[in-house]
There are 4 protein chains.
Amino acid sequence: MNTPHSKDQEPKRSPGRPKRLEQDAPMNELILQTASRLFMEYGYEPVSLQQIAKVCGVTKASIYYHFINKSQLFTAAVTSMMGMARSSSLRIMQQEDLPLYDRLVTLAEVKLRFPHGDFETIMREAGGSLSQDQREEIRLSEEKIHDILVDAFRTGIDKGEIRHVQPLLMAHTLASMLMLGNREISKDFGTSPADLAREIIDMFWNGVSVGAKVSQS
Amino acid sequence: MNTPHSKDQEPKRSPGRPKRLEQDAPMNELILQTASRLFMEYGYEPVSLQQIAKVCGVTKASIYYHFINKSQLFTAAVTSMMGMARSSSLRIMQQEDLPLYDRLVTLAEVKLRFPHGDFETIMREAGGSLSQDQREEIRLSEEKIHDILVDAFRTGIDKGEIRHVQPLLMAHTLASMLMLGNREISKDFGTSPADLAREIIDMFWNGVSVGAKVSQS
Amino acid sequence: MNTPHSKDQEPKRSPGRPKRLEQDAPMNELILQTASRLFMEYGYEPVSLQQIAKVCGVTKASIYYHFINKSQLFTAAVTSMMGMARSSSLRIMQQEDLPLYDRLVTLAEVKLRFPHGDFETIMREAGGSLSQDQREEIRLSEEKIHDILVDAFRTGIDKGEIRHVQPLLMAHTLASMLMLGNREISKDFGTSPADLAREIIDMFWNGVSVGAKVSQS
Amino acid sequence: MNTPHSKDQEPKRSPGRPKRLEQDAPMNELILQTASRLFMEYGYEPVSLQQIAKVCGVTKASIYYHFINKSQLFTAAVTSMMGMARSSSLRIMQQEDLPLYDRLVTLAEVKLRFPHGDFETIMREAGGSLSQDQREEIRLSEEKIHDILVDAFRTGIDKGEIRHVQPLLMAHTLASMLMLGNREISKDFGTSPADLAREIIDMFWNGVSVGAKVSQS
DNA sequence: CATGAATGAGCATTCATTCAT
DNA sequence: TATGAATGAATGCTCATTCAT
């Protein structure tokens with residue numbers, strides 16, 4: 001249930017510093033993670049600090065202790081998430097013993113498992129509420145992810161493995177294609193994420209047209 | 001205008017039904033179009049009825065005369081837009097004298113020129129505010145668009161023109177790829193929409209890998 | 001009682017436009033008057049819109065229908081009040097058949113009856129929340145009041161009635177002296193406002209020192 | 001500092017009692033002085049404990065170690081300041097070898113140099129937040145200042161130096177007139193504080209009307 | 001058809017205050 | 001002594017919605 005009306009009797013935490021016996025992640029990061037998840041799922045405006053606070057089991061005011069305001073929390077959440085996505089992508093793409101194709105499949109599989117709205121769309125929605133600097137910061141952290149793909153594609157072109165298409169265009173195209181995981185119908189395809197990843201990369205690699213190519217898996 | 005404290009001295013429209021000049025579409029549709037544009041650009045929550053009303057040059061209350069509430073307006077706006085997109089797509093895809101590839105390029109070109117957020121993301125954002133029926137209605141109108149592509153792809157498969165991939169998956173993949181037009185970097189590619197359309201369809205059709213194929217344009 | 005906890009059963013007004021049979025002042029002005037009174041009594045920050053709304057018998061949102069925000073309401077309230085004070089002062093000072101001294105007594109009497117905080121202090125308190133323009137606007141409306149006194153004093157000097165002191169300084173001095181009416185101890189003086197007015201103007205006119213003058217009343 | 005999200009890299013003070021260098025006043029008094037200054041400049045509500053803490057270079061919690069709450073801090077700050085003002089005034093007025101007029105000029109000069117809002121107005125603003133006892137305490141400390149003037153005036157009357165006006169009324173009137181130093185326009189008078197002091201006391205002493213008196217400086 | 005004037009619910013934000021360390 | 005991490009209550013403001021005109 002989402003309704004705030006339900007008077008669920010969670011034990012109200014009393015004010016003052018909480019006894020820090022707990023070795024679980026510091027509030028700081030719990031909030032960041034929760035915020036990331038909610039923002040990427042529902043966008044900026046629809047997610048209220050109240051909501052984030054509730055999920056974290058703290059009060060709104062507590063969030064304001066850790067973050068200046070909503071837009072900064074958003075920025076922090078999104079860039080932190082981007083950072084993790086980047087390392088994950090990097091780890092995959094750096095396995096240079098594997099063929100590019102296979103690395104792309106692994107990458108796709110990982111991305112397909114993490115559901116989130118289209119980043120561009122979310123940014124456009126949040127845009128009005130962010131400062132110029134914040135937009136810049138986020139944009140930068142996003143670019144760093146694309147850079148990984150761009151590099152891989154450039155190398156692929158140099159090695160004669162892939163065609164001579166603008167690497168950045170390819171990167172964005174692939175990113176767009178991987179948004180498929182978020183479409184509700186993705187379940188209707190009846191395939192596991194692993195299979196879906198394979199199919200998408202196959203399309204990306206070979207195109208849809210009938211040709212002389214051999215499916216490479 | 002609703003707020004009397006607005007300092008702008010726009011000529012106060014007098015109450016009562018305004019004489020309908022032949023050229024202006026009925027309020028009904030003006031609102032619908034305006035709403036479509038704004039919703040697709042910024043999402044559901046960030047767009048206020050006030051905003052829509054202002055753009056249309058009427059009051060909020062006036063919108064409530066034509067539509068029962070925000071969610072219904074959203075539903076109506078989106079489905080109406082989908083309807084138009086459908087006819088447009090249909091017109092293009094029905095030119096069966098042209099090769100599929102060329103029709104896809106034309107289609108892409110049209111879609112790239114109309115900027116809008118990712119539909120799935122917007123729906124997820126609006127989701128919480130829509131009724132089950134409304135979600136259903138929108139989903140249906142969206143499907144009808146995909147159906148056009150699905151049909152085309154199925155025919156393509158039958159004719160041996162394209163590979164044996166799930167048509168629905170292809171349709172969604174293409175739709176995803178066409179979201180590229182909305183990405184800010186799309187301008188950085190230095191190409192016109194027409195060129196971009198060509199490049200995207202080329203990737204969709206031939207894939208990125210090096211092969212024996214000949215670019216078909 | 002001031003406590004918002006008291007669940008007093010005032011008849012909740014239902015939404016929508018109220019039946020306007022009432023010939024009492026339009027909300028617009030009721031709010032302005034109420035706000036004036038409260039702001040001048042307690043200052044800017046301590047007066048909440050909630051409070052103003054409650055006194056007016058409407059909701060906060062209703063205030064926002066008539067005024068853009070708190071600072072604008074403050075500005076409007078204060079300048080409107082200043083305007084009224086100005087006409088009142090003007091009416092008194094224009095009775096040029098009466099001697100200046102007598103006119104000042106009348107003026108003092110009126111001001112002493114209207115209790116309010118020191119304007120300068122209130123402005124300093126509100127200052128941080130007002131825009132440059134708003135401060136300017138208020139300052140201007142205040143100046144117009146002082147101008148009336150300044151003119152009167154200038155004429156008095158020309159006629160050889162009063163000494164050659166900077167008129168503006170005299171005006172501000174008199175204004176300061178009239179703040180006495182607000183001091184709680186003013187009641188302790190055991191005199192009626194009329195008597196107090198007389199005594200203050202006597203001091204202003206003749207000073208405290210022993211001299212050859214004859215008290216002029 | 002309290003908020004960890006503040007980007008300023010001031011050297012974090014380590015917890016525990018800081019070695020008390022001889023030159024800095026005990027925290028206690030630093031807070032008191034800072035609070036006095038801010039409260040008298042901006043009033044009660046607009047000054048937050050956060051703000052005071054920041055200026056003092058300590059945390060909010062630290063203030064709560066020294067003072068039980070805001071209203072008590074206010075009371076303490078104001079009465080302490082009053083105490084200092086009292087001694088200062090006393091020192092000046094006790095120089096009984098000087099004529100009363102000259103002592104008043106000196107007093108005026110001192111007060112004009114210390115800018116602060118009208119005390120009465122500030123009290124009215126803070127009023128709602130103070131306990132009865134606190135109001136009493138402040139009122140008392142204020143009275144003690146007026147008493148000095150009252151005594152001086154009473155003596156002046158006895159000596160036949162000044163007219164037979166209620167001494168308390170004179171005291172308050174003078175206090176009101178000295179508020180002029182805080183008015184922004186006081187600079188426009190083009191005179192130094194010393195000159196302004198002289199002019200004000202002259203008005204207070206001789207009044208504005210033309211008479212047989214000789215300016216006494 | 002369309003407006004003007006209102007409401008109630010919610011949101012971001014701030015503030016005084018508390019308490020374990 | 002002083003801090004770090006929290007709370008609850010309040011505030012300014014916006015928004016969807018309602019209803020008499």
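Order of the sequence lines fixes the chain letters, A, B, ..., with proteins taken first and strands second; residue numbering starts at 1 for each chain.
Atoms CD and CZ, from Glu41(D) and Arg37(D) in turn, are 8.0 Å apart once rounded to the nearest 0.5 Å. To the nearest 0.5 Å, the span separating NE2 on His66(D) from OG on Ser62(D) amounts to 4.5 Å.
Straight-line distance from the OH atom of Tyr64(C) to the C1' atom of dG4(E): 20 Å, rounded to whole Å. Rounded to whole Å, the distance from OH on Tyr65(B) to C1' on dC1(E) is 5 Å. Going from atom CD of Glu45(D) over to atom P of dC15(E) covers 11 Å, rounded to whole Å. If you take NZ of Lys60(C) and P of dA10(F), they are 11 Å apart, rounded to a whole angstrom. Between the CD atom of Gln51(C) and the C1' atom of dG12(F) there is a distance of 14 Å, rounded to whole Å. Residue Lys54(A) contributes atom NZ, which lies 14 Å from atom P of dT7(F) at whole-angstrom precision. When the C1' atom of dC1(E) is taken as reference, atom CD1 of Ile63(B) falls 14 Å away, rounded to whole Å. Atom CG of Leu49(B) is separated from atom P of dT7(E) by 20 Å (rounded to the nearest Å).
In this model, the phosphate group of dT3(E) is approached by a side-chain N or O of Ser62(B) to a distance below 4.0 Å at OP1 or OP2. Taking side-chain N and O atoms only, Thr59(A) has no distance below 4.0 Å to OP1 or OP2 of dG8(F). A close approach under 4.0 Å does occur between a side-chain nitrogen or oxygen of His66(B) and OP1 or OP2 of dA2(E).
Defined by atom type and a distance below 3.5 Å, a donor-acceptor pair is present between the side-chain atoms of Gln132(B) and Glu136(B). Side-chain contact, Ser131(D) with Asp133(D): no donor N or O sits under 3.5 Å from an acceptor N or O. A donor-acceptor pair shorter than 3.5 Å can be found between the side chains of Gln134(A) and Ser71(A).
For the pair Lys70(C) and Tyr64(C), the cation does not sit on the ring face, since its NZ or CZ is not both under 6.0 Å from the ring centre and inside 45° of the axis.
Nearer the 5' end of DNA chain F, as judged by each residue's closest nucleotide, is the contact made by Pro46(C), out of Pro46(C) and Pro46(B). For the pair Val47(D) and Asn28(C), nearest-nucleotide mapping onto DNA chain E gives the more 5' position to Asn28(C).
Considering only residues two or more places apart in sequence or on other chains, Met40(C) meets the side chain to side chain contact (heavy atoms under 4.5 Å, CB included) condition with Val78(C), Met81(C), His116(C), Phe119(C), Ile122(C).
Of the listed nucleotides (dC11(E), dC19(F), dG8(F)), dC19(F) has the atom at the smallest distance from the side chain of Ala61(B).
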**Study point:** Pair pattern of DNA chain E in dot-bracket, where unpaired bases get dots and | marks partners in another strand, Watson-Crick or G-U under 3.5 angstrom
**Key:** .||||||||||||||||||||

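Taking the six-membered ring where the residue is Trp, Phe39(B) and Tyr44(B) present parallel rings, their angle staying beneath 30° rather than reaching 60°.
The stretch residues 67-77 of chain B comes close to DNA chain F through Asn69(B), Lys70(B), each having a heavy atom under 4.0 Å from the strand.
Residues Asn28(C) and Phe67(C) meet the side-chain proximity criterion, which asks for heavy atoms closer than 4.5 Å.
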